[in-house]
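Notes to accompany the following structure.
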Amino acid sequence: MFTSVRSRLRAAALALSAVAALGLGATTTTGAAAAPALAKEGPTSVAYVEVNNNSMLNVGKYSLANGGGNVFDVAVIFAANINYDTSTKTAQLYFNENVQRVLDNAATQIRPLQQKGIKVVLSVLGNHQGAGFANFPSQAAASAYAKQLSDTVTKYGLDGIDFDDEYAEYGKNGTGQPNDSSFVHLVTALRANMPGKIISLYNIGPAASRLSYGGVDVSSKFDYAWNPYYGSWQVPGIALPKSKLSPAAVEIGRTSQSTAADLARRTVSGGYGVYLTYNLDGTDRSADVSAFTRELYGSEAVYTP
């Protein structure tokens, strides 16, 4: 039985601290140039990390036995939230105390990954308050939230934003139901704000099925889209080339090694360019990781504490 990824404890959606103050600040440069990643051939590997329980640094602890390249190319901070301010009737970007801690300690939690050549992206998730990516009431409201996102990417030196349209509870607190224009306006504004950064789509929820409005299709503005159901194969329904899609999705430690290997073989044989993993923790998962790296890259994975 397939398990929706957000059997994830949902802890990221449990608000623990005040709305994060946003503003322009430090960029991705930190005085030390990022070292080029050792070359590897094969799909882009993505690792979501539940930062309520685990360290982002775990993503950088896996390399390929053959050649020494990084196993993972993209690390996703899971997760910030889209909250609703009932007094101003506006959506607000929110960080619980664990997400805030990662961002505040970017020098030790994010830069080491970037210096290995690993991109670090912030996932944004609904928080049971009625605000979501699919119900902005106007283009101006969508653009205002896009600015909060892009300002955060700039301030903390991140590499992009991941959209996960779950747990919004559209209609709560007097908010509107999903509409066709909202997500199109949001993605259009965000891409204009950060043309060189990653925008990825966790292919679930009302937003994922509302990518076109008024003659504008935002599909091409995404860098990646992936299947949201771990242990399964499902091609995301978005008009992107195979090189940007992950029909495979695995939960490390829960998806069996045989299934992870089979999904990796299908990724390669089908010509897809991305392989999605979730819930990388702090234990040695080299056996689970090797199950898919053997198929994706022809190499075992090595764990270095």
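Computed from a predicted model, the values in this text were never measured in an experiment. Because only heavy atoms are used, hydrogens play no part in the values below, and waters and symmetry mates are left out as well, while side chains stay in. Residue numbers run from 1 in the order of the sequence given.
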* Between Q92 and T90, is any side-chain donor less than 3.5 angstrom from a side-chain acceptor? -> yes
message = Donor-acceptor pair, distance only, cut-off 3.5 Å: does the side chain of S299 make one with the backbone of R294?
response = no
Note to self: I want to check something: taking the side chain as every heavy atom from C-beta on, are L211 and I238 in contact at a cut-off of under 4.5 Å?
What the structure shows: yes
Only one of N98, N105, D104 passes side chain to side chain donor-acceptor pair (under 3.5 Å) with R101, and that residue is N98
Review point. Does S246 use its side chain to pair, donor to acceptor, with the backbone of V274 at less than 3.5 Å?
Key: yes
Taken to the nearest 0.5 Å, the spacing of L186 CG from I82 CD1 works out to 7.5 Å
For residues 213-235, the salt bridge (Lys or Arg N to Asp or Glu O under 4.0 Å) pairs (sequence neighbours left out) are R191-D223
Separation between NE2 (H185) and CZ (F183), nearest 0.5 Å, reads 13.0 Å
*Residue pair I77 / V121, side-chain heavy-atom distance below 4.5 Å*: no
Test side-chain hydrogen bond (donor to acceptor under 3.5 Å, both in side chains) on Y224 and D162 and set out the steps.
CA-CA 9 Å; Y224 304 112; D162 173 64; over 6 Å; no
- Query: Looking only at atom types and distance, does a side-chain atom of R210 sit under 3.5 Å from a main-chain N or O of P206, one as donor and one as acceptor?
  - Reply: yes
Rounded to the nearest 0.5 angstrom, the NE2-CG distance for H128 and N81 is 8.0 Å
Smallest heavy-atom separation, L263 atom then G231 atom, equals CD1-C, 4.2 Å
Query raised in the report: Taking atom types as modelled, is there a side-chain donor on T293 or Y62 under 3.5 Å from an acceptor on the other?
Result: no
**Study point:** Main-chain N/O of V102 paired with Q109 side-chain donor or acceptor, under 3.5 Å
**Key:** no
When you group the ILVMFWY residues by side-chain heavy-atom contacts below 4.5 Å and let the links chain together, are Y303 and Y297 in the same group?
yes
Please say yes or no: joined through hydrophobic side-chain contacts below 4.5 Å, possibly via intermediate residues, are V302 and F72 part of one cluster? no
Notebook entry, point to check: Mind checking whether Y156 and L122 have side chains closer than 4.5 Å, heavy atoms only?
Noted result: no
Correct closest heavy-atom pair for T175 and A131 would be CG2-N, 4.3 Å
Exercise. Please assess I199 against M194 for the test side-chain contact (heavy atoms from CB on, under 4.5 Å), listing each intermediate value before the final yes or no.
Key: CA-CA 9 Å; I199 303 177; M194 45 180 228; 3.7 Å; yes
**Request:** Before giving the answer on side-chain contact (heavy atoms from CB on, under 4.5 Å), spell out for Y229 and N203 the whole-Å C-alpha distance, their side-chain angles and the decisive distance to 0.1 Å.
**Result:** CA-CA 9 Å; Y229 299 103; N203 191 48; over 6 Å; no
Notebook entry, point to check: Short question: side chain of S182, backbone of N179 - any donor-acceptor pair under 3.5 Å?
Noted result: no
Got K197 and S150 here, is their nearest side-chain heavy-atom distance under 4.5 Å? no
Strictly distance-based, threshold 3.5 Å: is any side-chain N or O of E300 a donor or acceptor partner for the main-chain N or O of V289? no
Residue pairs meeting salt bridge (Lys or Arg N to Asp or Glu O under 4.0 Å), one or both in residues 63-78, sequence neighbours left out, come to K40-D73
Check for me, please, whether Y84 and L93 land in the same ILVMFWY cluster - side-chain distances under 4.5 Å, paths through other members count. no
On a heavy-atom basis, the closest approach of L149 and L190 is CB-CD1, 3.9 Å
Residue pairs passing the salt bridge (Lys or Arg N to Asp or Glu O under 4.0 Å) test with at least one member in residues 79-92, sequence neighbours excluded, are none
Shortest non-hydrogen pair, V99 vs A79, comes out as CG2-O, 3.2 Å
Ignoring hydrogens and angles, write down the donor-acceptor pairs under 3.5 Å from the side chains of residues 134-146, residues two or more places apart or on other chains.
residue : atom : partner : partner atom : Å
N135    : OD1  : G132    : N            : 3.1
N135    : ND2  : G130    : O            : 2.8
N135    : ND2  : G176    : O            : 2.8
S138    : OG   : A141    : N            : 3.1
S143    : OG   : Q139    : O            : 3.0

*asked:* I110 vs L158, test: side-chain contact (heavy atoms from CB on, under 4.5 Å). Steps then yes/no.
replied: CA-CA 8 Å; I110 295 172; L158 301 173; 3.6 Å; yes
Distance col, row Y272:OH vs T44:OG1, nearest 0.5 angstrom, shows 15.5 Å
* Asked: Hey, are N279 and Y230 close enough side-chain-wise for a donor-acceptor pair under 3.5 Å?
  -> no
Review point. Would you say the side chain of V268 lies within less than 4.5 Å of the side chain of E295, judging by non-hydrogen atoms?
Key: no
Worksheet item: Are V76 and V74 close enough, and set up right, to give a side-chain contact (heavy atoms from CB on, under 4.5 Å), and what steps lead you there?
Response: CA-CA 7 Å; V76 184; V74 180; 4.3 Å; yes
Treating D165 as the side-chain partner and A207 as the backbone partner, does any N or O pair qualify as donor plus acceptor under 3.5 Å? yes
key: K119, NZ atom: more than 12 neighbouring heavy atoms under 6.0 Å   = no
When every non-hydrogen atom of F133 is compared with those of V124, the smallest separation belongs to CZ-O, 3.3 Å
So CD of Q129 and OH of Y94: to nearest 0.5 Å the spacing works out to 8.5 Å
Min side-chain heavy-atom separation V250-L276 under 4.5 Å: no
When every non-hydrogen atom of A75 is compared with those of L113, the smallest separation belongs to CB-CD1, 4.1 Å
- Query: Is the backbone of K116 close enough, under 3.5 Å, to the side chain of N70 for a donor and an acceptor to pair up by distance?
  - Reply: yes
message: So that I know where these two stand, are W226 and Y278 an aromatic pair - ring centroids less than 6.0 Å apart?
response: no
Mind telling me whether F163 and F222 have parallel, tilted or perpendicular rings, with 30° and 60° as the class edges?
-> perpendicular
inquiry  = K155 vs D151, test: salt bridge (Lys or Arg N to Asp or Glu O under 4.0 Å). Steps then yes/no.
reply    = CA-CA 6 Å; K155 179 176 181 177; D151 283 356; over 6 Å; no
Rounded to the nearest 0.5 angstrom, the CG-OG1 distance for L280 and T283 is 8.0 Å
Problem set entry | Side-chain donor-acceptor pair present, S232, N227, cut-off under 3.5 Å | yes
### Query
With no hydrogens and no angle check, is any side-chain donor or acceptor of N58 less than 3.5 Å from a backbone partner on S55?
yes
Practice task
State, yes or no, whether a side-chain contact exists between R111 and Q114 at a heavy-atom distance under 4.5 Å.
Solution key: yes
Practice item. Flag the pair V46 / Y275 as yes when at least one side-chain heavy-atom distance between them is below 4.5 Å, and no otherwise. Key: no
The salt bridge (charged side-chain N to carboxylate O under 4.0 Å, His left out) partners of K242 (sequence neighbours excluded) come to none
Q.
Counting only heavy atoms from other residues, nucleotides and ligands, does the tally under 6.0 Å from OH of Y170 exceed 12?
A. yes
If hydrophobic clusters are built by linking Ile, Leu, Val, Met, Phe, Trp and Tyr wherever their side-chain heavy atoms come under 4.5 Å apart, do V71 and L57 end up in the same one?
no
Sorted by chain and number, sequence neighbours left out, side chain to side chain contact (heavy atoms under 4.5 Å, CB included) with D288 holds for I252, Q257, R285
